[in-house]
Amino acid sequence: MVNLIQDKIAANHTYYVNHRKAQVPLSVTDSTVVRKNDESQQRSDNWKDILAPMGLVAGGAIFLYYGIKTPGKVKLFKNNVKNRIFRMESELSEYSTFIKKTTEEYYKGASAFIKKYKEQRYISPASFLFNIKKLKDPKLVSRAMDIAFEAISRSDIDSAKGGASDIDNFGVLVHRITREVSDIIEHKKEKSKLVINDYVHLPKFKNNSHSDLVEASENQLISTATSITQQMDKLKDENLHSIIKTQYTKMADAITTARKLKTEAKELSINLAFEHIRSLLKLKDFFPSYYKLPTTDEFIKLNPQQLKPHSLPKSLQEYVPHNIFLATVAKKDFNTFTDDDIYEIFYKSYYNNNLKDLRYLIDRLRIKQVIAKTSEDTTNAESFGVIIAKLEYLANKLNEFGTEEIIKKCQRNFHNMSVEQRRAALYYVTTVSKRLGFETIKDMDEYFSKNNDIYKTLSIRDYIDIFEKTPELYFM
């Protein structure tokens with residue numbers, strides 16, 4: 001029975017293919033052989049013509065064949081469904097590759113921004129130490145140390161100006177790139193979805209037979225298409241979030257490293273200067289004091305006259321316009337000093353001239369004072385003594401005020417905040433912590449968790465790791 005059907009198919013197909021060809025008469029002697037070979041070859045060719053479209057997605061021709069009652073029609077139908085699912089998955093794979101290539105290409109701009117930042121802001125601490133080590137005149141050693149501090153300050157002179165911070169400028173760039181990349185990926189995604197949705201629609205069998213199979217297959221294709229389009233949405237969001245997070249992490253690390261390199265350079269300069277001065281002047285107990293909080297012991301010894309505005313030595317006068325702490329000594333009457341003055345000085349200080357820098361300044365002046373003493377420059381030695389005492393008082397009171405401010409701003413309930421509210425609250429915390437001299441919120445947390453009992457109990461501590469691990473949201 002099967003052979004009869006196949007012969008019928010072959011006969012019909014042969015007629016369709018060859019009805020325009022000229023008929024060539026065959027000889028009697030070879031007619032049987034020729035017909036048998038021709039029929040066999042023709043039948044093979046006809047099956048190829050019929051089966052070839054089965055691998056195509058459109059598959060229009062194959063459903064003409066479904067109307068012919070053969071044992072393999074259901075199997076062929078199922079294979080076509082599997083082929084459509086394979087094409088859907090291939091479309092997803094192609095889309096995923098497109099996202100990766102597109103994001104890698106477009107976010108090169110962010111990588112270039114970070115590279116340029118490092119070139120401009122990274123400093124080599126060793127480069128500031130050579131002159132300090134080789135000079136033999138104590139005054140020149142002190143001057144070399146001042147030059148080193150000036151050079152270090154120039155490395156981030158832009159950050160001392162008003163306006164957007166480095167991380168904010170970087171954020172603007174990343175936002176622009178992300179918006180552009182998002183549009184490109186979205187366009188690709190919509191095109192891919194149209195292709196996938198085309199695979200869902202199946203032609204019916206002849207006479208609407210096997211309707212259950214068709215319905216089940218369409219449901220399977222719809223389910224697969226829905227799942228894949230959802231994965232496409234997820235792939236876009238995940239890839240963009242991942243690369244944004246990666247870029248922000250690199251930028252945050254670059255900024256933190258730049259801050260720490262400046263601190264390291266300043267401390268190395270002071271340490272080496274003290275070591276060299278100690279050797280040149282043969283001093284036994286002359287060491288830096290920046291690592292500990294100054295006391296007010298020397299300040300309380302000053303008389304009312306010394307507490308009045310103090311004229312600075314010429315070597316310091318050039319720094320007054322740029323240094324709020326020296327300007328305070330030169331212009332403020334400490335006889336009438338109030339808490340309002342402390343508040344004003346604290347919040348007028350720059351992040352790159354913070355309370356840690358105030359301690360460095362005190363040590364730099366201690367070197368100048370000891371040089372003046374050994375050279376019997378009594379006037380300058382006494383002047384430096386008054387200035388140092390006032391700066392130590394400022395450092396002590398400003399640190400006390402800053403600590404109170406940190407606790408006050410950290411006492412808010414960080415648990416009951418949205419991300420934006422938490423970010424705003426963190427901003428006010430960092431405005432204080434940076435002025436205290438902490439490079440990161442993590443550094444601030446480590447210090448106060450060891451040195452302040454109230455801070456240990458605050459809810460902000462539960463979010464320190466989150467702040468550190470999500471720089472795209474919280475780094476400041």
Side-chain angles (χ1 to χ4, degrees), residues 114 117-118 121-123 125 149 152-153 155-156 159-160 165-168 170 248-271 288-294 346-347 349-363 395-396 398-412 414 422-476:
I114 296 171
Y117 176 88
K118 290 179 179 179
R121 301 296 177 83
Y122 278 19
I123 60 176
F149 269 81
I152 295 168
S153 297
S155 68
D156 64 346
S159 66
S165 65
D166 294 319
I167 197 70
D168 290 335
F170 180 75
Y248 262 93
T249 298
K250 290 179 180 179
M251 188 65 203
D253 289 343
I255 293 173
T256 300
T257 300
R259 292 172 181 173
K260 291 185 181 296
L261 283 173
K262 289 195 287 286
T263 296
E264 181 182 350
K266 291 172 182 177
E267 293 183 358
L268 282 174
S269 297
I270 289 177
N271 292 343
S289 61
Y290 63 80
Y291 53 85
K292 61 183 180 181
L293 181 66
F346 185 87
Y347 280 109
S349 63
Y350 292 121
Y351 294 149
N352 66 340
N353 187 30
N354 51 58
L355 297 193
K356 189 186 291 184
D357 290 297
L358 175 53
R359 296 186 194 181
Y360 299 151
L361 176 60
I362 291 170
D363 273 337
N396 185 283
L398 289 169
N399 185 80
E400 184 180 290
F401 173 80
T403 298
E404 292 175 355
E405 287 288 281
I406 280 284
I407 300 304
K408 188 187 303 180
K409 296 184 184 306
C410 289
Q411 278 181 326
R412 298 182 61 185
F414 279 72
R422 201 174 291 126
R423 175 179 166 80
L426 182 63
Y427 167 78
Y428 289 108
V429 173
T430 57
T431 60
V432 178
S433 68
K434 286 180 183 180
R435 287 181 168 89
L436 285 171
F438 296 106
E439 278 90 8
T440 66
I441 198 69
K442 184 77 171 179
D443 295 337
M444 183 276 292
D445 175 73
E446 289 177 355
Y447 175 83
F448 282 104
S449 62
K450 294 177 183 177
N451 297 284
N452 191 286
D453 291 335
I454 297 176
Y455 180 81
K456 295 176 185 178
T457 66
L458 302 180
S459 63
I460 189 175
R461 301 213 59 220
D462 296 332
Y463 293 89
I464 298 300
D465 286 341
I466 296 175
F467 296 154
E468 188 177 31
K469 293 176 182 177
T470 51
E472 69 276 17
L473 294 176
Y474 294 112
F475 186 84
M476 297 178 187

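Keep in mind that what you see is a predicted model, and the values were worked out from it rather than measured. Count residues from 1 along the sequence.
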Which heavy-atom pair separates [X] from [Y] by the least distance, and what is that distance?
X      : Y      : result
Met476 : Arg259 : O-NH2, 3.3 Å
Ser433 : Met444 : CB-CG, 3.8 Å
Leu293 : Ala395 : CD1-O, 4.0 Å
Phe346 : Ser349 : O-OG, 2.6 Å
Pro294 : Asn396 : O-ND2, 2.8 Å
Lys409 : Phe414 : O-CE1, 4.3 Å

TODO: Spell out, as yes or no, whether a donor-acceptor pair under 3.5 Å connects the side chain of Asp443 to the backbone of Phe438.
DONE: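 Judged by distance alone, no pair lies under 3.5 Å.
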
TODO: Give a yes or no answer on whether the side chain of Thr431 reaches the backbone of Tyr428 with a donor-acceptor pair at less than 3.5 Å.
DONE: yes

TODO: Decide yes or no on side chain to side chain contact (heavy atoms under 4.5 Å, CB included) for Ile123 and Lys262, but give the supporting numbers first.
DONE: CA-CA 7 Å; Ile123 60 176; Lys262 289 195 287 286; 3.9 Å; yes

Hey, are the side chains of [X] and [Y] touching, using non-hydrogen atoms and a 4.5 Å cut-off?
X      : Y      : value
Leu361 : Phe149 : no
Phe475 : Thr249 : no
Phe467 : Leu473 : no
Arg412 : Leu458 : no
Ile454 : Gln411 : yes
Val432 : Lys408 : no
Ile167 : Met251 : yes
Tyr455 : Tyr447 : no

Open item on the list: What verdict does the side chain to side chain donor-acceptor pair (under 3.5 Å) test give for Asp363 and Tyr291, after you've listed the backbone C-alpha separation in whole Å, the side-chain angles of each residue and the deciding distance to 0.1 Å?
Closed with: CA-CA 10 Å; Asp363 273 337; Tyr291 53 85; over 6 Å; no

I need the [X] [atom1] to [Y] [atom2] distance, nearest 0.5 Å.
X      : Y      : atom1 : atom2 : value
Ile406 : Arg435 : CD1   : CZ    : 11.0 Å
Ile441 : Leu426 : CD1   : CG    : 5.0 Å
Thr403 : Asn452 : OG1   : CG    : 7.0 Å
Asn271 : Lys266 : CG    : NZ    : 14.0 Å
Thr470 : Arg423 : OG1   : CZ    : 10.0 Å
Tyr117 : Thr257 : OH    : OG1   : 9.0 Å

TODO: Output, in order, the C-alpha distance, side-chain angles, deciding distance and verdict of side chain to side chain contact (heavy atoms under 4.5 Å, CB included) for Ser153 and Asn352.
DONE: CA-CA 8 Å; Ser153 297; Asn352 66 340; 5.7 Å; no

- [ ] Kindly assign one of parallel, tilted or perpendicular to the pair Phe170 and Tyr248, based on the angle between their ring planes and the thresholds 30° and 60°.
- [x]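 Phe170 and Tyr248: perpendicular rings.
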
- [ ] State plainly whether the residues Lys442 and Asp445 are in salt-bridge range, i.e. N to O under 4.0 Å.
- [x]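 Looking at Asp445 together with Lys442, the answer is no, because their closest N to O distance does not fall below 4.0 Å.
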
Open item on the list: Determine whether Ser165 and Asp168 satisfy the following criterion, side chain to side chain donor-acceptor pair (under 3.5 Å), listing intermediate values before the conclusion.
Closed with: CA-CA 5 Å; Ser165 65; Asp168 290 335; 3.0 Å; yes

Task: Residue pair Tyr360 / Glu267, side-chain donor-acceptor N/O under 3.5 Å - done: yes

Task: With Asn354 via side chain to side chain contact (heavy atoms under 4.5 Å, CB included) - residues at least two apart - done: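 Asn354 satisfies side chain to side chain contact (heavy atoms under 4.5 Å, CB included) with Lys356, Asp357 only.
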
Task: Atom OH of Tyr347: over 12 foreign heavy atoms under 6.0 Å - done: yes

TODO: Go through the steps to decide whether Arg422 and Ile466 satisfy the test side chain to side chain contact (heavy atoms under 4.5 Å, CB included), and finish with yes or no.
DONE: CA-CA 11 Å; Arg422 201 174 291 126; Ile466 296 175; over 6 Å; no

